[in-house]
Amino acid sequence: VIPEASLKMYEKSLERVKVFKFLGIYFDAKLSWAEHINKIVEKCQKVLNIMRCVSGVEWGASFSSLKTIYVALIRSVFDYGSASKNLWESDVEGMVWRDQQPVQGLTKEGEKTSYVLTECLKDSEPHGITLYVELACNGLFGAGNGSMIAAPDPNRKFTLQKAELVVFNRDVRELLTDFEMLVDIVKILEGEQRGFQALFTANEMVNLCDPANPSSFAAAQSLAQKFFAQKNGESQHVVHAMGHCHIDSAWLWPYEETIRKCARSWVTVIRLMEKNPEFVFTCSQAQQFQWVKSWYPNLFSEIKQFVQKGQFIPVGGTWVEMDGNLPSGESMVRQFLHGQNFFKDEFAHYCKEFWLPDTFGYSAQLPQIMKGCGISRFLTQKISWNLVNTFPHNTFFWEGIDGTQVLTHFPPGNSYEMKGKVEDVSLINTVKNNKDKGRANHSGFLFGFGDGGGGPTQLMLDRLQRVRDTDCLPKVQMSSPDVLFSQLESDSSLLCTWVGELFLELHNGTYTTQAKIKLGNRQCEALLHDVEVASCLALCKTDSFKYPACKLQELWRLLLLNQFHDVIPGSCIEMVVEDALKYYDGKPVLLSWVPFVIQVDGTIMMENGLLKAKIDQTGRLMSLLLLQTNRETIFEGCLGNQFTLFDDVPLYWDAWDVMDYHLQTRKPVIEVIEPAKVVRSGTHQGSVSFLLSISGKSTIRQEIVLDACCPYVKFNTQVDWEESHKFLKVEFPVQVRSPNATYEIQFGHLQRPTHRNTSWDWARFEVWGHKWADLSEHGFGVALLNDSKYGYSIHENIMTLSLLRAPKAPDANADMGHHNFTYALMPHTGPFQDALVIQYAYNLNFPLHVFHGVISEPWSAFSVNSPAVILETVKQVPIHEMSVTSSNRFCPLCSAQTLCDLLERPDSIIPVSKTTSGISLTFKPFQIRSLLLIIK
């Protein structure tokens, strides 16, 4: 047992400074702090309302920035040769500035509560140091009260508890670290020989230590060093330790605060690298590097120096750590394109590994996109959060829907913010949790405070140094992602393969939360696509046209930023939502045509030659006939377009989760305010409108539209939503029986079961998809299309689209207000591919635009001779070239053609086959191909 006196040695070794100069006020050691409060208040009122910097002072308004100043007089206090520190304690984040440069972050939650003023003060050095401490009005996890994910409290006050100068006793610190590690080994290896050795070593150290005699410390330290020096055998598992600091680009704080979080965290990392040349730190998200480059240029220059040394390692290759489900295929390509190009331009190399540790599931198209962007390695750990099923692997090959494989590693510690403690690297977390024992003997270990930043500490490095090669624990080496994956690749012959999506059995409420962000994302993806296509066509036909490359890059990067994994999912505070919505601008113009509508005895009939719909007074589909085969779509005795309301109270993660028990609370929305009536009936379009009451506070107004020659019925919907912990959906029970439904994902589609036979099936009670989902049997099927929704549930024969949620944390007003969205129902014969469901979903999401005065005569630039191939994107790339993702026929304006990868790098190995009618390309299932066309 360690005596209490030993635990208090560290505190007793701190000699407090009695002389300060603060805001021009000198503090006398004979006087108390309280006696100076009036002087401080008076002075602060005269100096730009700077808050007083004394113990117990409070200030507020969330996420503002406050600067305080103090001047330390060191010489009168410290002996020469002493390590001098500013000891700091506050419930906010802070940044120390020295000589007009940021030098270190301060945060109580991130265990950074001191700043070293000098390691060894010399007589020739200045004895007065001016420090500026920038204080935020938020902690490491925002400014909520009562719960980590609570909405920011504008009335919350923050306190400075301590601001002192002390002498640092390193011997005491080293002893405490030795004791901590030994005691943890005793606990972890309880009952084992090595555990008893640790216990007796610690006990003997305590016997040797005399708190009143510091010269006794060396003997105790020698015992600890002897214990830790007892080495492992050659077969021990190897842990690759890498410093890490996951910083959410926005979450419980706005984008602006993230800029400061990056600076606080990364400048602290630089200080650690200066003292620990073996320390390696991994860092993702090109957007955050760009922020630091713009706002803290000198810090960015320091970072570049340590990148060259191999200590500060950019990883990931994407603009932000985006959501892995909701962005479109082209958006995911642009994440890599903008991220990889930034890393190449700034640091002279591309990233080799995709780094996405905290995203809520991973699309089955990601392996192909990664490979197309020069990446064949993937690291995450979020699947360890599965609520129902335990994922069976930590190191494996992940195979996408096209057959592309990437080497994937889940650090078995199941965290990206380990602390370097024995339990982290021990049998419990890293070795015992490794599900691929025998197949893989190396694993990653990411240490450092994360989510809100903070990063590694010196204490974490000291802990890891002690157990680098200690008997009965895995070997620990400071490493890099490249070294880790190279080791895994060299011995990968026995690794297993996982085929298809990496579905997270949690956080499936994020497919629906914050509907306006999701609508803005879908519309802006379509709008940027259309602008690029139109600009390329104008560039080909109009000599005076200038391609808006700079503006498009700016707009794309704003869209990519909003695809961060706590923004587009809607799991962020209201301030972030407001910022995100400002980045969305522009709304497509829809051009359409339609048929006749009649109303008989309260029932409305709509028909356009392809479909015949029967609608009741509440707007529900009583019948929907596919006239070609006289096939009924709606299941007998049921009604389609049935709005339903559910109670939605998750266990904890309010904006993130929807639990399976919500399905037991289903309530149909049937209260009519305005019954269905005919709005239009004419040559081109027919429509019906009605108004329903959801509750006393919320309503649904909908217009059902049938266009001439259109194979689907559209439902243009307006919802005024003022609910709390409710979930709004719309259901279509259809006359189709199939064990699987098909959902669109990025550049493809996949199937999921419609039954709940196993726990893996049951966990998919709420799933994600993009523009469409389809339920088909032989010869007939029904597709559900939408323009901005991502949450689906197809159970047995009921197709359900998730519309709106009402969580209250971290945004107390999430989704409140007015919403506009459209969905559509499309019955069809044959497979959905032959029925052109994919193309019609594009039509719904990419409506026609009219551009006046661009070209003098009609002109089609591209055509594709196979309905199985989608011409997805047309854009200009640097050096006046044009890249086309898909197949196209020969362009007479082009002087050369070559294939390229998704980073737009030409691929001269694979020749382009040209014919008299165009360019011939061969596609494998779900394959993405890019073609570079050189314009004359």
Side-chain angles (χ1 to χ4, degrees), residues 515 590 592 594-608 610-625 627 632-646 666-708 710 712-723 726-735 782 784-787 789 798-804 817-827:
L590 181 63
S592 52
V594 213
F596 77 85
V597 184
I598 59 173
Q599 185 166 358
V600 180
D601 298 330
T603 300
I604 300 175
M605 306 292 293
M606 305 178 72
E607 186 176 341
N608 69 349
L610 300 177
L611 301 174
K612 183 177 182 180
K614 186 177 180 181
I615 301 166
D616 70 7
Q617 288 293 285
T618 62
R620 296 175 297 186
L621 280 177
M622 303 169 67
S623 170
L624 180 62
L625 279 177
L627 295 177
E632 176 59 55
T633 302
I634 305 300
F635 193 75
E636 183 179 359
C638 297
L639 298 167
N641 198 37
Q642 173 67 67
F643 292 101
T644 52
L645 195 66
F646 298 81
R666 177 183 179 276
K667 298 181 183 67
V669 177
I670 56 175
E671 184 179 344
V672 179
I673 300 175
E674 296 177 8
K677 62 181 180 182
V678 177
V679 176
R680 283 187 298 276
S681 178
T683 306
H684 301 302
Q685 186 179 73
S687 66
V688 173
S689 73
F690 57 92
L691 179 64
L692 301 179
S693 173
I694 300 173
S695 67
K697 299 176 290 186
S698 304
T699 60
I700 301 172
R701 181 178 294 277
Q702 189 173 76
E703 184 179 24
I704 303 176
V705 177
L706 193 58
D707 294 332
C710 183
Y712 53 75
V713 181
K714 283 191 304 184
F715 302 86
N716 296 334
T717 312
Q718 300 180 49
V719 180
D720 288 308
W721 183 247
E722 298 293 341
E723 299 299 316
K726 300 293 182 183
F727 198 167
L728 180 66
K729 305 183 184 183
V730 65
E731 298 174 347
F732 292 91
V734 298
Q735 296 225 34
V782 180
L784 183 55
L785 321 179
N786 77 86
D787 74 342
K789 301 300 175 185
I798 300 176
M799 305 181 73
T800 303
L801 184 67
S802 298
L803 303 178
L804 293 170
H818 188 75
H819 297 268
N820 288 280
F821 51 84
T822 296
Y823 55 89
L825 196 69
M826 178 181 168

* **Sequence-distant partners of Leu611, side-chain contact (heavy atoms from CB on, under 4.5 Å), two or more places apart** => Asn608, Leu624, Leu626, Leu706, Val713, Pro827
Student check: side-chain heavy atoms of [X] and [Y] closer than 4.5 Å:
X      : Y      : answer
Leu784 : Leu825 : yes
Ile615 : Leu621 : yes
Phe821 : Asn786 : no
Arg666 : Phe646 : yes
Ile700 : Gln718 : no
Val730 : Phe643 : yes

Using the test side-chain hydrogen bond (donor to acceptor under 3.5 Å, both in side chains), find all partners of [X] that sit at least two apart in sequence or belong to another chain.
X      : value
Glu671 : none
Tyr712 : none
Arg620 : Asp616, Thr618, Gln642
Gln617 : none

Atom [atom1] of [X] and atom [atom2] of [Y]: how far apart are they, to the nearest 0.5 Å?
X      : Y      : atom1 : atom2 : value
Ile673 : Leu691 : CD1   : CG    : 4.0 Å
Thr644 : Ile670 : OG1   : CD1   : 12.0 Å
Met606 : Ser687 : CE    : OG    : 6.5 Å

* Could you verify whether a donor N or O on one side chain and an acceptor N or O on the other, from Ser689 and Glu703, lie under 3.5 Å apart? =>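 Side-chain D/A pair, Ser689 to Glu703: absent.
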Output a table of donor-acceptor pairs, distance under 3.5 Å, between side-chain atoms of residues 692-699 and any protein atom two or more places apart or on a different chain; print 'none' if there are none.
{"from": "Ser693", "atom 1": "OG", "to": "Ser695", "atom 2": "O", "distance (Å)": "2.8"}
{"from": "Ser695", "atom 1": "OG", "to": "Lys697", "atom 2": "N", "distance (Å)": "3.2"}
{"from": "Ser695", "atom 1": "OG", "to": "Ser698", "atom 2": "N", "distance (Å)": "3.4"}
{"from": "Ser695", "atom 1": "OG", "to": "Glu723", "atom 2": "OE2", "distance (Å)": "2.4"}
{"from": "Ser698", "atom 1": "OG", "to": "Glu722", "atom 2": "N", "distance (Å)": "2.8"}
{"from": "Ser698", "atom 1": "OG", "to": "Glu723", "atom 2": "OE2", "distance (Å)": "2.5"}

* Residues two or more places apart in sequence or in another chain: which of them pass ring-ring contact (aromatic ring centres under 6.0 Å, His included) with Phe727? -> His662
* Check ring-ring contact (aromatic ring centres under 6.0 Å, His included) between Phe732 and all other residues, then give those that pass, not counting sequence neighbours. => Phe715
* Structure fact -> Nearest heavy-atom approach of Pro733 to Gly640 is CD-CA, 4.1 Å
* Look only at the side chain of Gln735 and the backbone of Ile634, and say whether a donor-acceptor pair between them is shorter than 3.5 Å. =>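 It does hold such a pair.
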* **Expected output: side-chain Asn641 to main-chain Gly619 donor-acceptor under 3.5 Å** =>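 Yes, the answer is positive, given that a donor and an acceptor are paired below the 3.5 Å cut-off.
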* Give the C-alpha distance, both sets of side-chain angles, the deciding distance and a yes or no for side-chain contact (heavy atoms from CB on, under 4.5 Å) between Val782 and Met826. => CA-CA 6 Å; Val782 180; Met826 178 181 168; over 6 Å; no
Could you list the residues that satisfy salt bridge (charged side-chain N to carboxylate O under 4.0 Å, His left out) with [X], not counting sequence neighbours?
X      : value
Lys677 : none
Lys614 : none
Lys789 : none

* **Single hit among Lys612, Glu632, Glu636 for side-chain hydrogen bond (donor to acceptor under 3.5 Å, both in side chains) with Ser623** => Glu632
